[in-house]
Each structure stands twice: as C-alpha cells, then as structure tokens.
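Working notes, beginning with the structure itself.
A note on names: the letters A, B, ... follow the listed sequences, proteins ahead of strands, and every chain is numbered from 1.
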There are 2 protein chains.
Amino acid sequence: MTQQDALTPRATISDVALLAGVATSTVSRALSNPGRVQGATRKRVELAAAELNYLPNPLAKSLRMGRTGVVALLIPDVTNPFYFDMVRGNQAQLRASGCFQLLCDTDESPEVEMQVLQRLGKTADGAILGATRLSDEQVLEVAGSMPLVIINRTVGQVPSVVIDTSSTMSQAVEHLYSLGHRHIAYISGPATSSSAASRWDAIETAGRRLDVDVTKIGPFTPTEMSGAAAADATLNSGATACIAFNDLVAIGMLRRFSARGICVPTDISVVGCDDIFGADFCNPPLTTMTSPTQQAARIATMMLTDQLQPEGARYARTRATLPTHLTIRGSTGPAQISSE
Amino acid sequence: MTQQDALTPRATISDVALLAGVATSTVSRALSNPGRVQGATRKRVELAAAELNYLPNPLAKSLRMGRTGVVALLIPDVTNPFYFDMVRGNQAQLRASGCFQLLCDTDESPEVEMQVLQRLGKTADGAILGATRLSDEQVLEVAGSMPLVIINRTVGQVPSVVIDTSSTMSQAVEHLYSLGHRHIAYISGPATSSSAASRWDAIETAGRRLDVDVTKIGPFTPTEMSGAAAADATLNSGATACIAFNDLVAIGMLRRFSARGICVPTDISVVGCDDIFGADFCNPPLTTMTSPTQQAARIATMMLTDQLQPEGARYARTRATLPTHLTIRGSTGPAQISSE
DNA sequence: TTGAAAGCGCTAACAG
DNA sequence: CTGTTAGCGCTTTCAA
C-alpha cells in the first residue's frame, strides 16, 4: 500500500463467464439482451457479475459497436454565462435519449477547438459546436468526418440552428429612439464573430430608417474588463445611448460610468445583449436582448441524435431559426423608477 | 446524399500500411516512435498518413494501452459560478501535462454522480470530485476502482485538498463585531454539505468568544431564489447582520431587502461566501469570503496525474489544506461610502 | 530495421 | 438456448 489502497483490477466479461460457468457471449447476452437467454442461466450470470462487481468497459464496447453513446458539446468558454443554458439544454435533451454529455471548453481558440475535435475522433458519436471559432473550411472538414450540428452559424449544408438577433436589434434602436435618443453607439465584439456583423447590419439599417445617428466603436474583447475602454470611447463619440455586443462589456461599462460619476440611465442609456446571469441584479438592472439558447441547444441536440438514427427513422430537419426578444430594465429609460 | 454529405469513413492504420507498403506495426512505430524506424520508411508512412487524412482511433489506442490520457472533473453544477475557477484550474493544469479534460455536470445529484462515475469506467484514467454529493461509503467504493482526488472533503485515505473556511468565518464575525453588531444570523446551506457544518462551528465559537448572539437559520437550498425566504427569516430573528452560506443566497437576500425597502448596510449587514462572479457588481457590492478554488483544483489535478505516474516518480503528496480570506465590500460597514 | 502475430474487452455472426 | 470464433483498431513482444 503505497499511498492509497491498491486499485482492484476491474473484472472483465470473461471473469464473469468463468465464475458463472458459461461462455463470454452468454454473459454479453444475459446482460444486454436478457430476453435471449434462459432464466436460470441469466440468474447465474447476474449473480456472478454482481459478485465480481462487474462493469462493462465502455472502450471495448464502443470499439466493437462503432457507437459510443456520447455526444460532445464544444463551448468557447464554459464560464461565460451566455452558454449556461446551452449546456443545460443539451444536457437535458441528451439525458432524455440516454446519451452522455461530453462537455469541452475550447478556450476561445480555433486551434484548441480543432485539436479537441480531432482528439474526439471516435470517442463521441457526434458533436455540437455551441459557438465555433473555426473557419468555414475547417467546419466543413470536420463535418465530413463526423456528425455535426452548429449553433449560431450556417456553413454549407451542415445542420444548424441559429438565433436571429437582427429584428430585436431593430427593436432596441426603436426603443432608444422612443426615449428620445438620436445618437447611438454600437460597441462591437470580436471581428471573428459572425453574429457581431449581422447585429451591426440590423442596427445600421434601423438607424437609417429612423434617421438616428449610429456609430460603431471597437472591436473589443467580450469581457467585463473591456467595459472601461468601451465606456470612455462611447463618451467621446458623443452618443447618448449605446448598445453593447454583450452583457459582459455592458456590465463593465456600467461600472466605469459609475466610477466616472456618469449616471445611467439619466446621462446615458445602456443596452446589453444575452441576458446573462447577473444582468438583472447589476446596478442599474440591464436592459438586454434575451436569447432562447436553451431551446436552441435542445433543437440542435435533437438534430444530432437524429443523424445518429438508422436512415429511416429520421426527422430530416436540418435547419432552424429562433427569435430573440428585448428585456427592458433600468439601464434605459427616462429615469430609473424605483418601485417594487 | 440524404441530408448531409455521407461521412467519409475514417482511415485506419492498416489503410495507411497498405498505401505505404509496410506492416501496420511499422506505421504505428513511425507515428508514435519516429526514432525507431528508418528515415525513408518514416517519410513514406507520414506521406501516406497525410494523404489518407489518418487520425488514430483513441478508443482502440486506449483499449490496448490501458490508459486514455483523459481526466474527468465532476462538478455538481457547472453553471454555479463557485466552480468556475475549479474548471479553469483543472483545465490549465491538465493541458500542462498533455491530458484531456472531461467535464461532467452531475446535476447536484448523488445518483447521477455515481452513474457518471460508473459509466466513466476506463474512459478516464482518473477523476476529480469537485464537490461530491456521494456518501463516504460511495466515495470509498469508487476510490477502490479508479484513481480519485476529492476537493473540500476528506474521507479515509483518499487524496484530497480542502479549503479551510473556519478561520475566515471567525474573521467575518470579528469584522461584524467591530462594526457594532451584537446579533448575527447564519443562513445555513444544505444539510448534506460538510462545509456547511464546519462554517457554523466556527461562527458559533467566535460568537461565544466575543459574546455575540448568533442564530442559525435554515437550511436553505443554495440558490438565489432561496434568498427571499432567508431574508425574511433573518429579519424575524432580530439579527442586525447575517452571514450567508453562499453568495447566491446572499445576492437573493440583497434583492429581497431592497424590495422590502430595507437598506443594506445601513439597516442590516450581509456577508456572503465564495466571491462568485457578480458579487462585486451587485448592489451594494457584497462582502464575502474568497476561496482559492483555482489553486485547489490545480493541486488536486497534480495529485491525480501524480497517481498515474509510474510508482517511482511520485510526489507522494496526498493531502492539502488551503486558507480563504475575507473580501470586504459595501454590503457591510457603517454606511456605504460612495467614493471611487 | 521491419514483419507476423497476439491480444486489450467486447459483441455478433454462425453453428450446434 | 448457448458455445465457438472472428474481429473492431491499435501497440507490442518476438523473430527474422
């Protein structure tokens, strides 16, 4: 006993067979297809298995069967609240179909993501890319070698579910407009993010339509820390309201404004994106865009498990679009109302 | 083409062998032990492998080798900010030793946790229990069949790293005492949590020493939602300050106090536990206990990878204790100072 | 330096 | 209903 108790070597199927006095194939059947073996023999096998504390080796099983029952979910940053509901949605849906969730953090890096995907190989039956940082080419390459569903991006024929933010972005502009704002700044996110681009499009279009001045500032990394720089830049731009790429920077901005003695929403209005954990209890509570990420993940998961079905039973849905909505709170408006 | 492009079947090692005109064993050597094969042959193998886009099947490899290079991290709830730094710390340390992180959410359930652990089987070389909900017996049972390190709990000889909160809990009581409080409530967490018990012990002891009245309220589930009930109960108890089992309930309490028109910290002081994401920008910012979870996870990870080493090279550290500290913010104090 | 062959633990024909 | 056998893809003796 070196440091911990010596690990008892795992019993294999042939240990069980030996103890039960049957062939390994019988053990296999008795355990996974109880109907196809006699009651008495099955009993003996079950007893032997229990006695030896037998648990099948999933590696061997998967190697043989060509299926693992595992689905991978790749997330750029599992600690980013935006992805929480994706994790949850995927998990719930997976549990429902008896699959195992393999959660992978890709550290916001395309390299790591690709690496993970390659290493995954046959370890998982398929993967869901929660917010891929890969190039279209890379996505296609991967999609050629394993079942894939991507969220918030469309590339080629790869099954995907996207959350459409553009109409809500227009709503946000209208909301700000109705409050009297005529100059709005958009705090942009990473250039690699495809959703960042479409958000800006929607804002610009809405701005033109309403004759509101819109300026794009950034790009900034989507973190709370970037908020300070973003806040200062916004002030410089002369805008009286801003829409941030995500809640993290929006919250960072709130803090910076407060530190500089600027009052939100009296002096400036702030709109975030994502409605993350914390958006409702920061000060003031953040007006933000709420995405149905949980539902998106559920649908994506269904699409994937569907691909894993035998050809016939397929659902054949390979594309879905979900709308967002605006959640109005204290960070926009004429002045914060302190009721409730 | 049914719905997506047909997946190209993965090339195996024998495909490569065939194309390169060598035996499979040579391919294996050329790829994983380049030194032990002639330059020319290696070249040919590498070319063939590249041509076929060959990637080794990790399942087969692991089955043969008996090692997977994968370490599992089990977390009761990956969306609970308290665990963020564990995930990060484990990930960083794992990457450093070339291992793959298998992140598992156990949904706060002992059943799921056990199930995951069994299913894991030989899929992972070992596991780290971030905050197990298992009974001592169950932990021991698992520890007998796979390398394990547990965080924030000690059971038998199982390697573990615990974060010691008790001295900081005393500090919290002293802090509150020095602000003039003479009646403090402790909002307790789930009965199953072993750390909850030791926190209460420390508080009670400190209370006796300083002649401060301490009452235990609860237990409450450690969520934001429980905050309302906890806040009301605290008010009823007549305490002028409270220490919450964790930040989530503390934040919930803050909201409830605000809703009831009670001013923090003027009317009542609130201390949280964990210093989660959000604790600094809630309103008012929360005084809380900060845990070195990232460091704990790193150490736990080292302990585990250490167990996986050949007998000789071991570090032989099987137990560690880390201290917490108090982070004082606006939710305690005579009155909130609005500088900075 | 390389090839042939065995085997990791399991399941799926195919006989019996 | 059950045993025998082959083989999933890989590494590793053991010979050559």
ring-ring contact (aromatic ring centres under 6.0 Å, His included) contacts touching residues 53-83 of chain A (sequence neighbours left out)
none
Starting at CE of A:Met65 and ending at C1' of C:dA12, how long is that distance when rounded to a whole Å?
11 Å
Without decimals, in angstroms, what is the distance between A:Arg10 CZ and C:dC8 P?
16 Å
From D:dC10, D:dT12, C:dC10, pick the nucleotide closest to the side chain of B:Thr12?
D:dC10
Mind checking side chain to side chain donor-acceptor pair (under 3.5 Å) for A:Asn53 and listing every partner two or more places apart, or none if nothing turns up?
none
Partners of A:Arg88 by salt bridge (Lys or Arg N to Asp or Glu O under 4.0 Å), sequence neighbours excluded?
B:Asp77, B:Asp105, B:Asp107
State whether the side chain of B:Asp125 and the backbone N or O of B:Val71 hold a donor-acceptor pair below 3.5 Å, judged by distance alone.
no
Sequence-distant partners of A:Thr293, side chain to side chain donor-acceptor pair (under 3.5 Å), two or more places apart:
none
Between B:Lys43 (NZ) and C:dT1 (P), how many Å, whole number?
17 Å
Hey, could you give me each pair passing side-chain hydrogen bond (donor to acceptor under 3.5 Å, both in side chains) that has a residue in residues 111-120 of chain B? Not counting sequence neighbours.
B:Ser109-B:Glu111, B:Glu113-B:Thr132
Got a sec? Which of residues 46-63 of chain A come in under 4.0 Å of DNA chain D, heavy atoms?
A:Leu63
Distance in angstrom units between A:Leu18 CG and C:dC10 C1', rounded
16 Å
On DNA chain D, compare the nucleotides closest to A:Arg42 and B:Ile13; which residue's is nearer the 5' end?
A:Arg42
Can you tell me if B:Ser14 touches the phosphate of D:dG9, counting only side-chain N or O atoms and a distance under 4.0 Å to OP1 or OP2?
no
By side chain to side chain contact (heavy atoms under 4.5 Å, CB included), which residues pair with A:Lys122, not counting sequence neighbours?
B:Arg10, B:Asn57
Could you state the atom-to-atom distance from CZ of B:Arg36 to C1' of D:dT11 in whole Å?
11 Å
Whole-Å distance between D:dT12 P and B:Leu31 CG?
13 Å
So which protein nitrogen or oxygen atoms get under 3.5 Å of nucleotides 4-7 of chain C's nitrogens or oxygens?
residue	atom	partner	partner atom	Å
C:dA4	N6	B:Ser25	OG	3.2
C:dG7	N2	B:Arg64	NH1	3.3

B:Asn33 CG - C:dT2 P separation (whole Å):
13 Å
Would you please name every residue forming a side chain to side chain donor-acceptor pair (under 3.5 Å) with A:Ser62, sequence neighbours left out?
none
Heavy-atom side-chain proximity of B:Thr301 to B:Leu73 below 4.5 angstrom
no
